[in-house]
Amino acid sequence: MLLSHPPGTQQSGMLRTTTWGTRLALLTLIMLLVAGLSFAEGKKHKLSRDLEALHNGATIDVIIQFNQTPTTAHHQKVQGKGGVLKTNLDFIKGAHHSVPVEALDALADDPEVVHISPDRPVSGSLDYVTSAVGAPTAWNN
């Protein structure tokens with residue numbers, strides 16, 4: 001049984017195959033481009049933006065998170081780049097190190113490193129405790 005096509009729209013089986021082959025090749029090319037672009041900046045995503053603006057010559061305290069609980073071998077890699085271990089942070093699969101700024105890119109290149117961020121100061125805050133526990137009501141009674 002032959003299918004009829006309106007004039008000018010009839011396609012041979014070979015032409016349809018070539019069209020789909022071209023579409024598939026184009027889709028593959030686009031996928032490869034997207035994958036390449038996403039991996040091109042992979043190292044940058046490991047470094048906190050706070051660290052990207054630092055200049056060489058300084059030493060900075062950082063938290064380095066690994067893809068597993070850090071071992072002696074992990075700490076030795078950091079020490080090989082001039083780092084000094086300050087505190088193990090096994091609960092976050094990381095450690096607090098003091099490292100030269102120029103070593104940050106090399107550390108970010110390590111496939112076992114997940115993220116590097118500055119050791120930011122933290123402090124507790126009791127600003128909302130009184131209202132959270134209803135203290136003003138108790139004070140008024």
Side-chain angles (χ1 to χ4, degrees), residues 1 3-141:
M1 174 160 107
L3 296 174
S4 62
H5 295 283
T9 61
Q10 184 173 359
Q11 295 181 349
S12 69
M14 182 63 139
L15 183 58
R16 279 186 291 222
T17 304
T18 304
T19 302
W20 277 106
T22 303
R23 289 177 184 168
L24 183 60
L26 183 61
L27 179 63
T28 303
L29 179 64
I30 290 171
M31 297 279 285
L32 288 173
L33 268 171
V34 169
L37 289 174
S38 67
F39 287 120
E41 294 294 322
K43 178 182 71 174
K44 294 274 187 199
H45 296 290
K46 289 184 178 184
L47 285 176
S48 172
R49 290 187 183 178
D50 304 13
L51 298 174
E52 292 175 5
L54 296 176
H55 303 288
N56 289 344
T59 300
I60 185 166
D61 284 356
V62 294
I63 304 295
I64 302 175
Q65 291 178 282
F66 298 92
N67 57 9
Q68 64 179 356
T69 302
T71 63
T72 305
H74 291 102
H75 299 310
Q76 287 174 345
K77 283 184 186 180
V78 177
Q79 288 173 347
K81 307 245 186 298
V84 175
L85 175 64
K86 290 193 163 189
T87 311
N88 270 325
L89 303 170
D90 292 343
F91 57 95
I92 62 164
K93 297 181 184 176
H96 173 204
H97 288 273
S98 180
V99 298
V101 171
E102 54 269 7
L104 291 174
D105 285 334
L107 289 169
D109 284 337
D110 187 335
E112 294 183 358
V113 171
V114 174
H115 191 72
I116 304 173
S117 58
D119 181 31
R120 298 179 182 98
V122 294
S123 61
S125 175
L126 296 176
D127 293 349
Y128 303 104
V129 171
T130 56
S131 60
V133 298
T137 305
W139 292 333
N140 289 332
N141 287 334

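All residue numbers refer to positions in the sequence shown, counting from 1.
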Do H96 and L89 touch side chain to side chain, with heavy atoms closer than 4.5 Å? yes

Quick one: does V114's side chain get under 4.5 Å of F66's, heavy atoms only? no

Looking at side-chain heavy atoms only, is the closest gap between H97 and H75 below 4.5 Å? yes

Would you give the length of the straight line joining atom CD of Q79 to atom CG of L85, rounded to the nearest 0.5 angstrom? 6.5 Å

What distance separates S48 OG from I63 CD1, expressed to the nearest 0.5 Å? 11.5 Å

What residues, two or more places apart in sequence or in another chain, satisfy salt bridge (Lys or Arg N to Asp or Glu O under 4.0 Å) together with R120? D50

To check you understand the geometry: which heavy-atom pair defines the closest contact between P70 and G94, and what is its length? CG-O, 3.5 Å

Does P118 reach the side chain of D61, with side-chain heavy atoms less than 4.5 Å apart? no

When rounded to the nearest 0.5 Å, the distance separating CG of L104 from CD1 of I60 is 7.0 Å

Under a 4.5 Å cut-off applied to non-hydrogen side-chain atoms, are K93 and Q65 in contact? no

Only counting residues at least two apart or in another chain, list the ones meeting side-chain hydrogen bond (donor to acceptor under 3.5 Å, both in side chains) with E112. H74

Using 0.5 Å steps for rounding, measure from the CG atom of D110 to the CG atom of N67. 8.5 Å

Test item: I64 and L107 side chains (from C-beta on) under 4.5 Å apart, heavy atoms: yes

Spell out, as yes or no, whether a donor-acceptor pair under 3.5 Å connects the side chain of K81 to the backbone of V99. no

Option passing side-chain contact (heavy atoms from CB on, under 4.5 Å) with V62 (candidates L51, L47, V78): L51

